Amino acid sequence: MVANSSKAGTVTLLGRPNAGKSTLMNRCLDQKVAIVSDKPQTTRHRIVGILSSDQGQMIFYDTPGLHRPRHRLNRQMVRYATEALRDGDVICILVDATQTFGSGDRHVLDLVASIETPKIAVLNKIDRIAKPDLLPLIARYAELGNFDEIVPISALTGDGVDILLDSLWELLPNGELFYDPELLTIHPERFLVAERIREKILIETRDELPFSTAVAIESWDEQPDRDGRAGLLRLHAVIFVERPGQKKILVGRKGQMIRQIGTLARKDLEAYLERPVYLELYVRHQPGWRESPRLLASLEREVVYGEDF
């Protein structure tokens, strides 16, 4: 049960691609809301995760990585991140501690320099570096940024995440809950299902293909069982690619690649939805979809942030 005098606010996770923002949000929620992969630009929208506890309610904004945009899609992604920066009660700047400090990191610091919102520098992936190598990075961020705290963590292992959460609760304002404490996110299942399918494409493919694909659910047919409980879910999903050669790669020799992606996605969806799933995947050649306002708007409507967002 949540206390009457509780904390309630928003935490924006901001940083360069592959800094570990989605992994961190999932770790804080102790459940998977955002998809993750080792590919940059995995997150394409502002993904909302809701942590409710006796201390109150913490709303996470997982954002696309800040990068130099090349397509309308990428410009949209960067806009989502910068808008979330303005909306957060606390800003977490995630840093990949295994990477050398560069112009991208400087850009992030410049972006938040004039923001008066409380800020925490989160140095992630400390499980992959020697502790002596961490000290100069802590010193650099203490010198360059006006941070309330600098917290080293490993979002993957959970090391330091409890310390970070304690700091976030301290910085959040007092207030009433934003959402029902039972909610984990505000996104509809249809969007989350499409994201999980796209995750499998990211995992199984390489080079340009992961960045040139999008997934949309074309049909969703729920069939209750004889007792009226959740039975078979029939899903038909389309995967958009930009070039004919990409379609050939995604389908694979004798359909091997698309079957592999479909099998991985179906197993994941059955565990997530707790019901049997029949999944059909179609690959559609859609030239220049990353520059298409119509298609991007259609994909955006699937996200459905909700009235209180």
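Just so we're clear, the structure is a prediction, and the values are computed from it rather than from any experiment.
Annotation for Glu170: atom CD does not count as buried by contact number, only 12 or fewer foreign heavy atoms lying within 6.0 Å. Within a 6.0 Å radius of CD1 in Ile163, other residues, nucleotides and ligands contribute 12 heavy atoms or fewer. Within 6.0 Å of atom CG in Asn146, 12 or fewer heavy atoms from other residues, nucleotides or ligands are found, so the atom counts as exposed in its surroundings.
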**OP:** For the pair Ile239 and Ile258, evaluate side chain to side chain contact (heavy atoms under 4.5 Å, CB included) and give the outcome as yes or no after the intermediate values.
**Re:** CA-CA 10 Å; Ile239 304 171; Ile258 198 67; 3.8 Å; yes
**OP:** Check the pair Leu109, Phe101 against side chain to side chain contact (heavy atoms under 4.5 Å, CB included), reporting the backbone distance first and the verdict last.
**Re:** CA-CA 11 Å; Leu109 290 176; Phe101 186 92; 3.9 Å; yes
**OP:** Could you go through the side chain to side chain contact (heavy atoms under 4.5 Å, CB included) check for Leu144 and Arg106 one step at a time?
**Re:** CA-CA 9 Å; Leu144 295 178; Arg106 169 62 71 178; 3.7 Å; yes
**OP:** Applying side-chain hydrogen bond (donor to acceptor under 3.5 Å, both in side chains), run through Tyr80 and Glu300 and close with a yes or a no.
**Re:** CA-CA 11 Å; Tyr80 292 150; Glu300 175 63 14; 2.6 Å; yes
**OP:** Evaluate side chain to side chain contact (heavy atoms under 4.5 Å, CB included) for Leu296 paired with Gln76, printing each intermediate quantity in order.
**Re:** CA-CA 9 Å; Leu296 292 178; Gln76 181 174 279; 4.1 Å; yes
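Minimum interatomic distance between Trp289 and Phe240 (heavy atoms only, all atoms of both residues): NE1-O, 3.9 Å. Looking at every heavy atom in both residues, Leu29 comes nearest to Gly49 through CD1-CA, 3.7 Å. Taking both residues in full, the closest heavy atoms of Glu199 and Asp268 are given as OE1-OD2, 4.0 Å, listed atom of the first, atom of the second, then distance. Across every non-hydrogen atom of Ala81 and Pro64, the tightest pair is CB-O, 3.6 Å. Residue Cys28 comes nearest to Leu51 through the heavy atom pair O-CD1, 3.8 Å, listed as atom of the first residue, atom of the second, then distance. In terms of heavy atoms, Gln286 sits closest to Leu295 at CG-CD2, 3.9 Å.
From Leu232, atom CG reaches atom CZ of Arg275 across 7.5 Å, with rounding to the nearest 0.5 Å. Taking CZ from Arg75 and NE2 from His67, the interatomic distance works out to 10.5 Å, rounded to the nearest 0.5 Å. Rounding to the nearest 0.5 angstrom, the gap separating the CG atom in Leu279 from the NE2 atom in His236 is 9.0 Å. Atom CG in Leu281 sits 12.0 Å away from atom CZ in Arg259 (nearest 0.5 Å). The CD1 atom of Ile91 sits 11.0 Å away from the CZ atom of Arg86 when rounded to the nearest 0.5 Å. The distance from the CZ atom of Arg70 to the CD atom of Glu291 is 10.0 Å, given to the nearest 0.5 Å.
With Val33 as the partner, the side-chain contact (heavy atoms from CB on, under 4.5 Å) test is satisfied by one option alone out of Ile50, Val48, Leu184: Leu184. The one candidate from Arg301, Arg294, Glu302 that meets the side-chain contact (heavy atoms from CB on, under 4.5 Å) condition with Ser298 is Arg301.
Using a 4.5 Å heavy-atom cutoff, the side chains of Arg198 and Arg44 are in contact. Looking at heavy atoms from C-beta onward, Leu233 lies out of side-chain contact with Leu269 at the 4.5 angstrom threshold. Counting only heavy atoms from C-beta outward, the side chains of Thr12 and Thr10 never approach each other to under 4.5 Å. Between Leu172 and Gln55 there is no side-chain heavy-atom pair separated by less than 4.5 Å. With contacts defined as side-chain heavy-atom distances shorter than 4.5 Å, the pair Arg284/Tyr282 does not qualify. In this structure, Val11 and Met25 have side chains that are not in contact, with every pair of non-hydrogen atoms separated by 4.5 Å or more. Inter-residue side-chain proximity for Met77 and Pro69 is flagged as unmet; no heavy-atom pair is nearer than 4.5 Å.
Between Phe147 and Tyr141, the two ring planes are tilted [angle within 30° to 60°].
Remark: the backbone N or O of Phe178 is paired with a side-chain donor or acceptor of Gln57 at under 3.5 angstrom. With hydrogens and angles disregarded, no donor-acceptor distance shorter than 3.5 Å links the side chain of Ser292 to the backbone of Gly288. Asp105 contributes a side-chain N or O that, together with a main-chain N or O of Gly102, makes up a donor-acceptor pair within less than 3.5 Å. Although no hydrogens or angles enter the test, the distance criterion places a donor-acceptor pair under 3.5 Å between the side chain of Glu270 and the main chain of Val277. Of the possible polar contacts, one joining the Lys39 side chain to the Thr205 backbone as a donor-acceptor pair under 3.5 Å is found. In this structure, Arg46 contributes its side chain and Thr63 its backbone to no donor-acceptor pair below 3.5 Å. In terms of modelled atom types and a separation under 3.5 Å, the side chain of Ser212 and the main chain of Leu209 share no donor-acceptor contact. His285 contributes a side-chain N or O that, together with a main-chain N or O of Glu242, makes up a donor-acceptor pair within less than 3.5 Å.
In summary, the aromatic rings of Phe211 and His71 are positioned with their centroids too far apart to meet the 6.0 Å limit.
Val303 and Val193 fall within the same hydrophobic cluster, where Ile, Leu, Val, Met, Phe, Trp and Tyr residues are linked whenever their side-chain heavy atoms come under 4.5 Å apart, directly or through other members. Using a 4.5 Å cut-off between side-chain heavy atoms of Ile, Leu, Val, Met, Phe, Trp and Tyr, with links allowed through other members, Val161 and Leu13 fall into the same hydrophobic cluster. Residue Val90 is grouped with residue Ile153 when hydrophobic side chains (ILVMFWY) are merged at heavy-atom distances under 4.5 angstrom, including chains of intermediate members. Following chains of ILVMFWY side-chain contacts shorter than 4.5 Å, one cannot reach Ile261 starting from Val36, and the two form parts of different hydrophobic clusters. Following chains of ILVMFWY side-chain contacts shorter than 4.5 Å, one cannot reach Ile217 starting from Val238, and the two form parts of different hydrophobic clusters.
Qualifying salt bridge (Lys or Arg N to Asp or Glu O under 4.0 Å) partners for Arg128, counting only residues two or more places apart in sequence or in other chains: none.
Salt bridge status for Glu208 with Arg243: absent, with no side-chain N to carboxylate O gap under 4.0 Å. In this structure, Glu204 does not pair ionically with Lys200, as no charged nitrogen and carboxylate oxygen lie closer than 4.0 Å.
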In a table with atom names and distances, give each donor-acceptor pair under 3.5 Å that connects a side chain of residues 110-127 to protein atoms at least two apart or in another chain.
from, atom 1, to, atom 2, distance (Å)
Lys119, NZ, Ile115, O, 2.6
Asn124, OD1, Ala155, N, 2.9
Asn124, ND2, Ala19, O, 2.9
Lys125, NZ, Asn18, O, 2.8
Lys125, NZ, Asp96, OD2, 3.1
Asp127, OD1, Ser154, OG, 2.8

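Seen from the ring of Tyr278, Arg234 counts as a face-on cation partner, given the 6.0 Å and 45° thresholds.
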